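Encoded as structure tokens, the structure appears first; notes follow it.
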Amino acid sequence: MELNRQSYLALLKEGGDAFTAGDPSDACPYDQYSPDQMQQFGARYWTKGYMAARTASESKNPQAEVSAGQ
């Protein structure tokens, strides 16, 4: 994997697809704590894609959001 725009976009899509498939957020196949820069890059953008898909899903279905102490 190269650290470039195509990899970034692929990782965002991979994270979004994982959310759509119902995978938990800790199912990221990359290690953010690894000394390997490729693993850190993968973890960062996979997670961003996952969170973007989750946020989009929650904005379409406000009842899916958790109530804040009410």
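From a predicted model like this one, the values you see are computed outputs, not experimental measurements. Hydrogens, waters and symmetry mates are skipped; everything else that's a heavy atom, side chains included, is used.
Expressed to the nearest 0.5 Å, how far CG of D31 lies from CD of Q40 amounts to 8.5 Å. Between the CZ atom in R44 and the CD atom in Q39 there is a gap of 13.0 Å [rounded to 0.5 Å]. To the nearest 0.5 angstrom, D17 atom CG is 12.5 Å from Y50 atom OH. Atom CH2 of residue W46 and atom CD of residue Q32 lie 11.0 Å apart, to the nearest 0.5 angstrom. Atom CG of residue L11 and atom CD of residue Q6 lie 11.5 Å apart, to the nearest 0.5 angstrom. Rounded to the nearest 0.5 Å, atoms CZ (F19) and OG1 (T55) are 8.5 Å apart.
Scanning all heavy atoms of the two residues, the minimum distance from L12 to Y45 falls at CD2-O, 3.4 Å. Closest heavy-atom contact between A43 and C28: CA-SG, 3.9 Å. Nearest approach of S7 to F41, heavy atoms of both residues: CB-CE2, 3.9 Å. In terms of heavy atoms, A56 sits closest to S59 at O-OG, 2.8 Å. The two residues A53 and G16 come nearest to each other via the heavy atoms CB-CA, 3.7 Å.
By the 4.5 Å heavy-atom criterion applied to side chains, P29 and E14 are counted as neighbours.
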